[in-house]
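Just so we're on the same page: letters track the sequence lines, and every chain starts at 1. Because only heavy atoms are used, hydrogens play no part in the values below, and waters and symmetry mates are left out as well, while side chains stay in.
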Amino acid sequence: MPVFALVDCNNFYVSCERVFNPELAGKPVIVLSNNDGCAVARSNEAKALGIGMGQPFFQIKPIVEANGVRVFSSNYPLYGDMSNRVMQTLAQFTPAMEVYSIDEAFLDLTGFKSTNLADYAREICYTVTRDTGIPVSIGIAPTKTLAKIANRIAKKSPKADGVLDLTSSRYRDLALERTPVQEVWGIGRRLAPFFTSRGIKTALDLKLAPSWLVQQKMEINGVRMQKELTGEHCYPLEDNPARRKSVSVSRSFRTPVTTFDELSQALALYISRGAEKLRHQESFVENITVYVMTSRFKSQPCYYNSKTAVLPTSSSDTPELIKHGKKLLKQIFQSGKEYTKTGVIFSNLVQDGQVQFDLFDTVNRSKQQKLMQAMDKINARMGSQYLGYAAMGLPGRQPWKAACNHCSPAYTTDWNQLMNVR
DNA sequence: TCTGGGGTCCTAGGACCC
DNA sequence: TCTGGGGTCCTAGGACCC
């Protein structure tokens, strides 16, 4: 029987802020999404005040002000770096692991029979907190879906106190009974009402539900989910992450943008970020999609338009991609609209050596690549955007740039922002 | 006034081919 | 009057995840 341990950081972004700001302990804290839009991480104290996941900041402002909730803009360089530290610590405890997201990892504990798994998990929790400052919870089970459920209870139940082992089938059904169906991994906001309206309200109900019903609604994924709930594993540990199959970059604007020039500057910046990601994983893009949109929350209908181009020769060259992107943007830009967002999606990625060359290509591609390598090197050392293209507009003169009114310092990734200890 | 961003997988259906 | 069958490939859209 395989054994999976799902390790999940508690209120991860908030915990990262607390590491460098210990006076936040015990206080309500939230971290906002990009552009200071929504609450995407909440301390337990903030949850207790009724602040929901993904709630717009302007809606919760009264609660924030009345209770002295500490607010942070999201600081992804910091969270990314803290995540790496947590993952490195976890790697010491298992022969194989899958980094599932910025704050979660599946550990393969198959064959750790001689060990008391719950004790071992507590040791992991202790070590991660000691070495990184981040508190974690652990759920253990023979399938990933059950490990997710175990983790959720480990986090919530005072009795479990951060660790729950469901490898023995004895308490499994009890755990499933205590798990609302919408909390099951793979049941989202569409499927949940479908099942609850048919009397399938808990994970246990879902496990026992007629398989034809689940299969009819969810196809192959429903079959797998029911099997996983019974303890038969269908999803293996993916310990060798493949390259991304697509790369996208988009941001909401601080205030709506109306001119082509500003829209085009923002797009150029996002394309250059995306091209960096491509080069980082040594991919070249074949299909480039550009889109624009206006607000979804206004009385007039939202305008959304996108256009895709197939490049004659796949590329990861920033200026070349900007040129293509601008051409696409021209085709979908309509004046008189208040744009709130633009973005680029790179799809059909190929690797070096698979690039299909255009017979009539006149570009010196190896020279191009050397230039990009040099630029990436300089930016890695001097800070991103140290070298950029004029097409992005000048730093300090990009009024569309997202709001970040509550940002903490990049404590661990920028020499100029190290912590001062007095 | 103010509502995030980046991914994956799956399927249906159309285009096209023999 | 009456017009096949079986593939593949691609795309758009829908669902989910964090």
Side-chain angles (χ1 to χ4, degrees), chain A residues 6-9 11-13 30-41 51-62 64 71-76 79-80 83 98-106 144-145 148 151-152 181-195 214-225 234-235 238 241-256 266 270 273-274 277-278 281 286-287 289 291 293-298 302 304 306-308 310 338 340-349 402-406:
Chain A
L6 175 63
V7 183
D8 191 324
C9 301
N11 315 327
F12 182 55
Y13 298 168
I30 59 172
V31 175
L32 302 176
S33 63
N34 248 308
N35 211 18
D36 292 345
C38 309
V40 289
I51 297 177
M53 178 64 180
Q55 256 198 310
F57 185 42
F58 73 91
Q59 278 177 11
I60 53 177
K61 248 181 190 159
V64 166
V71 178
F72 290 88
S73 301
S74 37
N75 184 345
Y76 290 104
Y79 310 150
S83 171
E98 171 186 347
V99 176
Y100 180 68
S101 74
I102 193 166
D103 71 335
E104 276 174 77
F106 287 102
K144 284 180 163 181
T145 305
K148 276 270 187 188
N151 186 286
R152 180 177 165 278
V181 72
Q182 66 269 21
E183 302 289 335
V184 176
W185 199 34
I187 303 292
R189 67 195 161 89
R190 296 282 177 169
L191 292 170
F194 173 86
F195 287 119
V214 180
Q215 189 173 354
Q216 182 196 308
K217 190 69 187 169
M218 298 180 61
E219 316 273 347
I220 185 70
N221 288 324
V223 179
R224 292 187 182 137
M225 173 174 306
C234 299
Y235 300 110
E238 312 270 3
R243 285 191 172 81
R244 303 233 167 280
K245 293 173 178 170
S246 69
V247 162
S248 58
V249 181
S250 67
R251 293 284 180 279
S252 296
F253 302 129
R254 177 185 290 257
T255 51
Y270 307 157
R273 280 274 157 80
K277 292 193 204 178
L278 288 178
Q281 65 163 27
E286 263 176 25
N287 290 10
T289 301
Y291 64 90
M293 60 192 290
T294 61
S295 176
R296 293 174 298 166
F297 305 100
K298 288 276 165 61
C302 165
Y304 173 90
S306 72
K307 197 97 192 173
T308 302
V310 181
E338 302 205 317
T340 52
K341 187 175 181 174
T342 183
V344 64
I345 303 168
F346 295 140
S347 53
N348 277 22
L349 308 187
C404 190
N405 296 325
H406 312 273

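Atom CG of A:N34 and atom P of B:dG6 are 8 Å apart (whole Å). Counting to the nearest Å, the P atom of C:dA12 and the OH atom of A:Y291 are 15 Å from each other. Rounding to whole angstrom units, CD of residue A:E98 and C1' of B:dG7 are separated by 14 Å. Protein atom CZ of A:R190 is 22 Å distant from nucleotide atom P of B:dC9, rounded to whole Å. The distance from atom CD of A:E219 to atom P of B:dT8 is 22 Å, rounded to the nearest whole Å. Between the CG atom of A:L278 and the C1' atom of B:dG7 there is a distance of 14 Å, given to the nearest Å. Note: CZ (A:R296) to C1' (B:dG4) measures 9 Å, nearest angstrom. Here B:dT1 presents its P atom at 18 Å from CG of A:N405, a figure rounded to the nearest Å.
When side chains are defined from C-beta on, A:Y13 counts as touching A:I102, because their heavy atoms get closer than 4.5 Å. In this structure, the side chains of A:I187 and A:M218 come closer than 4.5 Å at one or more pairs of heavy atoms. The closest side-chain heavy-atom distance from A:Y79 to A:V31 is below 4.5 Å. A:F57 is listed as a side-chain neighbour of A:H406, based on a closest heavy-atom distance under 4.5 Å.
No engagement by A:F57 is indicated, since no non-hydrogen atom pair under 4.0 Å with the nucleic acid exists. The residue A:V310 sits apart from the nucleic acid: no heavy atom pair falls under 4.0 Å. At a threshold of 4.0 angstrom between heavy atoms, the contacts of A:L191 are confined to the sugar-phosphate backbone, with no base atom among them. When heavy atoms are screened at a 4.0 angstrom cut-off, A:I187 is found touching the sugar-phosphate backbone but no base atom. Contact annotation for A:K277: backbone-only contact, meaning every heavy-atom pair under 4.0 Å involves sugar-phosphate atoms and none involves a base. Across all strands shown, A:D36 has no heavy atoms under 4.0 Å from either base or sugar-phosphate atoms.
Distance from the side chain of A:V247 is smallest to B:dG7 among B:dG4, C:dC18, B:dG7. When distances are taken from the side chain of A:E104 to each of B:dG4, C:dC18, B:dT8, the shortest belongs to C:dC18. Nearest to the side chain of A:I220, among B:dT11, B:dG4, B:dT8, sits B:dT11. The side chain of A:S250 has B:dG6 as its nearest neighbour among C:dC18, B:dG6, C:dC16. Nearest nucleotide to the side chain of A:R251, out of B:dG5, B:dG7, B:dG4: B:dG5. With distances taken from any side-chain atom of A:R224 to the nucleotides B:dC10, B:dG4, C:dC18, the minimum falls on B:dC10. Among the nucleotides C:dC18, B:dG4, B:dT8, the one closest to the side chain of A:S101 is C:dC18. Distances were taken from every side-chain heavy atom of A:S246 (C-beta onward) to each of B:dG7, B:dG4, C:dC16; the shortest belongs to B:dG7. When distances run from any side-chain atom of A:F58 to the nucleotides B:dG7, B:dT3, C:dC16, the shortest one goes to B:dT3. Closest to the A:K298 side chain, of the nucleotides B:dT3, B:dG4, B:dC2, is B:dC2.
A close approach under 4.0 Å does not occur between any side-chain nitrogen or oxygen of A:R254 and OP1 or OP2 of B:dC2. Using a 4.0 Å cut-off, some side-chain N or O of A:K341 falls inside it from OP1 or OP2 of B:dG5. Side-chain nitrogen and oxygen atoms of A:K217 include none within less than 4.0 Å of the OP1 or OP2 phosphate oxygen of C:dA15. Listed pair A:S248 / B:dG5 fails the phosphate criterion, with no side-chain N or O lying under 4.0 Å from OP1 or OP2. The side chain of A:K148 contributes an N or O atom lying less than 4.0 Å from OP1 or OP2 of C:dC18.
To the nearest whole angstrom, the two P atoms, one in B:dT3 and one in C:dC17, are 25 Å apart.
A pairwise comparison of heavy atoms in A:L191 and A:G186 identifies CD1-O, 3.7 Å as the closest pair.
The existence of a salt bridge linking A:K148 and A:E104 is confirmed by a sub-4.0 Å separation between a basic side-chain nitrogen and an acidic carboxylate oxygen.
Within 6.0 Å of atom CZ in A:R190, 12 or fewer heavy atoms from other residues, nucleotides or ligands are found, so the atom counts as exposed in its surroundings.
With a cut-off of 3.5 Å on both Watson-Crick or G-U wobble distances, the partner of B:dC18 is given as C:dG5.
Between A:N221 and A:Y13, the residue anchored closer to the 5' end of DNA chain B is A:Y13, taking for each the nucleotide with the nearest heavy atom.
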